[in-house]
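What follows is a set of notes on a single structure, which appears directly below.
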2 protein chains.
Amino acid sequence: MALEHAILVSLLEKPGSGYELARRFERSIGYFWTATHQQIYRVLKRMESDGWIHVRDVPQYGRPDKKEYSVAAPGRDALSGWLGEPTRPESVRHDLAVKVRGAAFGDPAGLIREAERHRQEHTDRLAHYLAGETRDFGTPAPDGPPDAERELQHVVLRGGIAYERMMIAWLDDVLATLARFGTGH
Amino acid sequence: MALEHAILVSLLEKPGSGYELARRFERSIGYFWTATHQQIYRVLKRMESDGWIHVRDVPQYGRPDKKEYSVAAPGRDALSGWLGEPTRPESVRHDLAVKVRGAAFGDPAGLIREAERHRQEHTDRLAHYLAGETRDFGTPAPDGPPDAERELQHVVLRGGIAYERMMIAWLDDVLATLARFGTGH
DNA sequence: CGTTGCTGTGCAACGAGGTGCATAGCAGGA
DNA sequence: TCCTGCTATGCACCTCGTTGCACAGCAACG
């Protein structure tokens, strides 16, 4: 399980409540690690009882009170240890690859629409990444010396950009291949 | 759940037993969809009781008897329908991306070794893919007319190759970035 | 003969992850 | 006033996936 570690990273970047973490997992971190608010609340509770994080009740006006979590020393140690641990082979689940191989045994028309949907989604996400890159990393350095946190966030974003570009190119390849078998001949 | 559909595709490409399917999920299909033999046996049982697949007892000499599964008409229909269904956003889990962002808060030395391990693994897999491409798709067409099944398997393999190449390039980027913060400067 | 190892199928138990629902404070609009 | 909607936390339930183990047939080796 690595959801704990993703939460640790997010809380180290900025402390926050379970709700706020859930929002971050819908963007930013969420592009590389998904989680629902249920999972997050459950794991936060366990992490708190394990002493990895601190809780602080924050009264709010105009909205419900919240619990703000921040990383404790043992949590920071756990993260450090995890960084060098070998990750077991990530279980891959590429629906589309399975569908493409399945297209040999069914009508490819539906799959073409599905592939076009995916292509559009990846195009949108690429545009979103590129806009974020210009916004957050466009200027050389906003406050002088190179900042590790910033540089590392940037290299992860570059990975996302490379992934989306690769997927778009592959989907063009898929669509061209499907077209050769969908239109008679 | 889409394991059913991955099994349908595999059985359509070639009927086989649960054990044989488990072996296929360690290579070929397994590069895009992972599954243990436990999952496979359980799902096969359900698919059989749903009428998606046929079972046939195959006595063997020199080894235990087996149950050979093949796709029935309702299974083929289920696959056809699934091809065009919109896939819900695949839940992404990229350990390494989380670790890279976490490196800002811990010792990057361990992560460098971990990234190098991943780079090696992707290099090996790329070599394996390329060897398979030469072996299976090197000659223009082994038996005359273009074959949909063969072409679609090829485009999926090209996707795997593109993915590995992208990952290797990104890991080089990651290692260069980590080096800038690990060695003093 | 016993051991190891591959083929082949399966159960039991556990943890991870997701869906649906409940509760509660408060804001804003119809 | 009621309804919708956002913030904020949480329970109950169910499925998926993994781990560990068991059992069985048979081959090859020492």
Side-chain angles (χ1 to χ4, degrees), chain A residues 1-7 10-11 15-27 29-30 32-50 53 55-69 82 87-95 98, chain B residues 1-7 10-11 14-27 29-30 32-50 53 55-69 87-95 98:
Chain A
M1 233 276 278
L3 177 54
E4 285 113 328
H5 303 103
I7 289 176
S10 195
L11 288 181
S17 68
Y19 187 84
E20 284 160 356
L21 283 169
R23 308 310 303 271
R24 291 182 209 171
F25 274 80
E26 287 169 5
R27 37 173 201 80
I29 284 273
F32 313 106
W33 202 273
T34 58
T36 63
H37 78 277
Q38 297 298 346
Q39 272 174 274
I40 291 167
Y41 281 122
R42 226 179 312 169
V43 171
L44 279 175
K45 195 154 283 186
R46 184 170 69 232
M47 291 169 75
E48 202 272 321
S49 77
D50 288 350
I53 50 178
V55 204
R56 193 169 64 93
D57 279 312
V58 177
Q60 298 191 116
Y61 302 96
R63 61 177 60 177
D65 298 348
K66 67 176 181 180
K67 299 181 184 177
E68 195 183 78
Y69 293 93
W82 177 70
T87 308
R88 48 179 181 184
E90 9 196 334
S91 61
V92 184
R93 261 83 206 279
H94 289 171
D95 289 73
V98 178
Chain B
M1 234 274 280
L3 176 55
E4 286 113 329
H5 303 103
I7 289 176
S10 194
L11 287 180
K14 184 169 168 52
S17 67
Y19 186 83
E20 284 160 356
L21 283 170
R23 309 309 304 270
R24 290 181 209 172
F25 273 81
E26 287 169 5
R27 35 173 203 81
I29 284 273
F32 314 105
W33 201 274
T34 59
T36 64
H37 78 278
Q38 296 298 344
Q39 272 174 275
I40 291 167
Y41 282 122
R42 225 182 312 170
V43 171
L44 278 174
K45 195 152 281 185
R46 184 170 69 233
M47 290 169 77
E48 203 273 320
S49 78
D50 288 350
I53 51 178
V55 204
R56 193 169 64 91
D57 279 311
V58 177
Q60 298 191 117
Y61 302 98
R63 60 177 60 177
D65 298 349
K66 68 175 182 179
K67 299 181 183 177
E68 194 183 78
Y69 293 93
T87 308
R88 50 179 180 184
E90 9 196 336
S91 61
V92 185
R93 261 82 206 277
H94 288 173
D95 290 73
V98 178

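Chain letters run A, B, ... following the sequence lines, proteins first and then strands; every chain starts at 1.
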Rounded interatomic separation in angstrom, taking [atom1] from [X] and [atom2] from [N]:
X	N	atom1	atom2	result
D57(A)	dA8(D)	CG	P	13 Å
R93(A)	dT18(D)	CZ	C1'	11 Å
R46(B)	dC11(C)	CZ	P	14 Å
E68(A)	dT9(D)	CD	C1'	16 Å
L44(B)	dC11(C)	CG	P	13 Å
L21(B)	dG8(C)	CG	C1'	13 Å
Q39(A)	dT9(D)	CD	C1'	16 Å
W33(B)	dC16(D)	CH2	C1'	11 Å

request  = Side chain of Y41(B) only, please: which of dT7(D), dG10(C), dT18(D) is the nearest?
outcome  =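 Of the candidates, dG10(C) comes closest.
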task = Just compare dA8(D), dT18(D), dT19(C) and give me whichever is closest to any side-chain atom of T36(A).
result =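 Of all the options, the side chain of T36(A) is nearest to dT19(C).
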Nearest non-hydrogen partners of [X] and [Y], listed with the distance:
X	Y	result
D65(B)	P59(B)	OD1-CA, 3.4 Å
F25(B)	W33(B)	CD2-O, 3.1 Å
V98(B)	A6(A)	CG1-CA, 3.7 Å
A2(A)	W82(A)	CB-CZ2, 3.8 Å

task = With the side chain counted from C-beta on, respond yes when L21(B) and I7(B) share a heavy-atom pair under 4.5 Å apart, and no when they do not.
result = yes
key: Spacing of I53(A) atom CD1 and K67(A) atom NZ [to the nearest 0.5 Å]   =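 Output value for this atom pair is 10.5 Å.
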Using only side-chain N and O atoms of [X], determine if any of them is under 4.0 Å from OP1 or OP2 of [N].
X	N	result
S17(B)	dT7(C)	no
Y19(A)	dT9(D)	no
K67(A)	dG10(D)	yes

Protein-to-nucleotide contact annotation, 5' to 3' order, nucleotides 24-30 of chain D [B base; S sugar-phosphate only; - none; under 4.0 Å, heavy atom] = -BSS---
query = In a check of side-chain contact (heavy atoms from CB on, under 4.5 Å) between R93(A) and each of V92(B), T87(B), T34(B), L3(B), which one passes?
reply =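 Of all the options given, the one that passes is T34(B).
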task = Kindly write out the residues that satisfy salt bridge (charged side-chain N to carboxylate O under 4.0 Å, His left out) with E26(A), not counting sequence neighbours, or none if the list is empty.
result =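 Testing E26(A) for salt bridge (charged side-chain N to carboxylate O under 4.0 Å, His left out), a comparison that skips the adjacent residues, returns R23(A).
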inquiry  = Which residues pass the salt bridge (charged side-chain N to carboxylate O under 4.0 Å, His left out) test with K66(A), not counting sequence neighbours?
reply    = E20(A)
key: Degree of bending in the helix from dC1(C)-dG30(D) to dA30(C)-dT1(D) once both end axes are built from five pairs, to 10°   = 10°
Can you tabulate the close N/O pairs, meaning under 3.5 Å, that link protein atoms to atoms of nucleotides 11-13 of chain D?
| residue | atom | partner | partner atom | Å |
| --- | --- | --- | --- | --- |
| dC11(D) | N4 | Q38(A) | OE1 | 2.2 |
| dC11(D) | N4 | Q38(A) | NE2 | 2.5 |

Hey, can you pull the donor-acceptor pairs under 3.5 Å for the side chains in residues 36-46 of chain A, sequence neighbours left out?
| residue | atom | partner | partner atom | Å |
| --- | --- | --- | --- | --- |
| T36(A) | OG1 | Q39(A) | N | 3.4 |
| Q39(A) | OE1 | T36(A) | N | 3.2 |
| R46(A) | NH2 | E4(A) | OE2 | 2.8 |

ask   = Within the side chain of R24(A), is there an N or O that forms a donor-acceptor pair under 3.5 Å with the backbone of G30(A)?
value = no
